[in-house]
Amino acid sequence: MTKPTLKKIATDPSCMDDYDPNAMSVAQARQFIQQFLSPVNEIDTLPVMQSLGRVLAADIISPCNVPSHNNSAMDGFAFKHSAGIKLIKIIGTAFAGRPFTGTVNAGECVKIMTGAVIPAGADTVVMQEKTVTKSDCITVLEAPNQGANVRLAGEDIKINQTVLDKGRQMTPADLGLVASLGIGDVQVFRKLKVAFFSTGDELVSVGKQLAEGQIYDSNRYTIFGMLSRLGVEICDFGVVPDNPDLLEKTLLKAATENDVVITSGGVSVGEADYMKALLAKHGQVLFWKINMKPGRPLAYGKVGNSHYFGLPGNPVSTMVTFYQFVQPAIQALSGETCRPMPLFNVECTEAIKKATGRSEFQRGILFEDAGVWKVKPLPNQGSGVLSSMSAANCFIVLDDTVGNCPAGTNVKVQALQSLI
Ligand code: AMP
Ligand code: MG
């Protein structure tokens, strides 16, 4: 059966069984969004050093063995192993980068440095500390096993082996790994273009005086920060008041020029919130009530060819919904292979009150207590308390099956450092 289009679902939600926009779990909503995401396919070719954080558009295949030659893991003497060998004659020296060019016969050895190529004829290295040197001979005090202290060619990577997979986001280690193969350029997917703006009559940009009832716009700053960490191209459309014409103009311009548009505020049902009506008019946006705290209302859909995310306006809700829905979607659209975020079980030192049937992302502090890491929830968990996001170093992730947790319960945590 073909999947219904976004337009069909937006205009007739009953066209799908088991779809209730007013009771979506976090996992359901995330999965739902994933089915509409096709990654970008344009490719940039970049020097390795410029590819940090970018997503590989092709596998990296090794053109060589690493190491390329059998080489010594120790400073010592390379010799041909045989039973009972004790006294051996030194016939030369092998340095890293300056090999010994002769052949080693039985009863002979070559003084060898770490990383130097094992000379022809030799198969074993005895550590310098296990020998005594007298004029041009060594006495082996403790005979190593045959093959000891030799790093074999291809031991790390074999020629034609796939070293990094397409869809991988390049890390500092990957830059070095690719360079170690002698590869100078890599193919990566182009950067995703992401636009965002804040909506609300009450919002004022920094640098202006606040009048009665106004607040400073903070969501554009947190969204800017979270997007910057994802390495996308960012376009900031500023603050747009709750004015239907201005909102429509800004939305359409942002959608025409970008792969993704993110707005905050105006997707719940406040009186002056025109965003929802405007999106409904464009016909391909779904409005959900997610069983989560913070961050209940969420809109997802397409405006033209652009993916649209309407995040709730409360500052903590904006951040939590960004991490749960927008970040994985941006990664998928960027061509990145899905990487589940690690969750760890740790003891929670305080009681948490919670109802089953919804997921909560409480802000917590992981701390060390006599060598054991534990977590403590921050006291104010309000969805407008942005200082709790600044103070936290983890989310305490309580899924819909979890109810009240007495102090001492093991809870799941997600470190914020691993997210951003
Ligand atoms: P809304 O989702 O538009 O109903 O907004 C919910 C709450 O979040 C209201 O208290 C808004 O004032 C607040 N809010 C909305 N947008 C922002 C923003 N960009 N920065 C800070 N607070 C906001
Ligand atoms: Mg609003």
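Remember, predicted model here, so these are calculated numbers, not experimental data. Heavy atoms only: backbone and side chains are in, while hydrogens, waters and symmetry mates are out. For ligands, and for the atoms within them, numbers begin at 1 and follow the listed sequence.
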Problem set entry | With Arg190 via salt bridge (Lys or Arg N to Asp or Glu O under 4.0 Å) - residues at least two apart |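 So Arg190 forms a salt bridge (Lys or Arg N to Asp or Glu O under 4.0 Å) with Glu42, Asp259.
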For this session: Under 4.0 Å from a heavy atom of Ser268: give me the atoms of ligand 1 that qualify, with their elements.
Result: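 Within the 4.0 Å cut-off of Ser268, ligand 1 contributes 2 (O), 4 (O).
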Exercise. Counting each atom of ligand 1 from 1 as listed, which ones have a heavy atom of Asp217 under 4.0 Å away?
Worked result: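 Close to Asp217: 18 (C), 19 (N), 20 (N).
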Problem set entry | Lys80/Asp123 under salt bridge (Lys or Arg N to Asp or Glu O under 4.0 Å): CA gap, chis, key distance, verdict | CA-CA 5 Å; Lys80 193 184 187 80; Asp123 58 6; over 6 Å; no
Problem set entry | Check: Phe95 ring centre within less than 6.0 Å of Phe100 ring centre |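 Phe95 vs Phe100: aromatic centres not under 6.0 Å.
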Exercise. Can a salt bridge be assigned to the pair Asp12 and Lys8 using a cut-off of 4.0 Å between side-chain N and carboxylate O?
Worked result: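 The answer is yes: the pair qualifies as a salt bridge.
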Which residue and atom name correspond to the protein heavy atom nearest [atom], and how close is it?
atom: atom 10 (O) of ligand 1; value: Asn314 OD1, 4.1 Å
atom: atom 9 (C) of ligand 1; value: Glu202 OE2, 4.2 Å
atom: atom 17 (C) of ligand 1; value: Asn219 ND2, 3.2 Å
atom: atom 3 (O) of ligand 1; value: Gly266 N, 2.8 Å
atom: atom 20 (N) of ligand 1; value: Ser218 N, 3.0 Å

Problem set entry | Intermediate values then yes/no, side chain to side chain donor-acceptor pair (under 3.5 Å), Tyr308 and Thr263 | CA-CA 8 Å; Tyr308 171 77; Thr263 63; 2.5 Å; yes
For this session: Give a yes-or-no answer on whether the side chains of Arg363 and Gln381 include a donor-acceptor pair shorter than 3.5 Å.
Result: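 Arg363 vs Gln381: donor-acceptor pair found between side chains.
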Exercise. In terms of side-chain heavy atoms, does Asp217 have a donor or acceptor partner in Ser198 at a distance below 3.5 Å?
Worked result: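 Yes, Ser198 and Asp217 have a side-chain donor paired with an acceptor closer than 3.5 Å.
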For [X], which part has a heavy atom under 4.0 Å from ligand 1: side chain, backbone, both, or neither?
X: Ser198; value: side chain
X: Val267; value: neither
X: Ile215; value: side chain

Exercise. Among Ser317, Ser383, Gly313, which residue places a heavy atom closest to atom 2 (O) of ligand 1?
Worked result: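 Going through Ser317, Ser383, Gly313 one by one, Gly313 has the nearest heavy atom to atom 2 (O) of ligand 1.
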Exercise. So with a 6.0 Å cut-off around CZ of Phe224, is the heavy-atom count from everything else above 12?
Worked result: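 Open: at most 12 neighbouring heavy atoms sit under 6.0 Å from CZ of Phe224.
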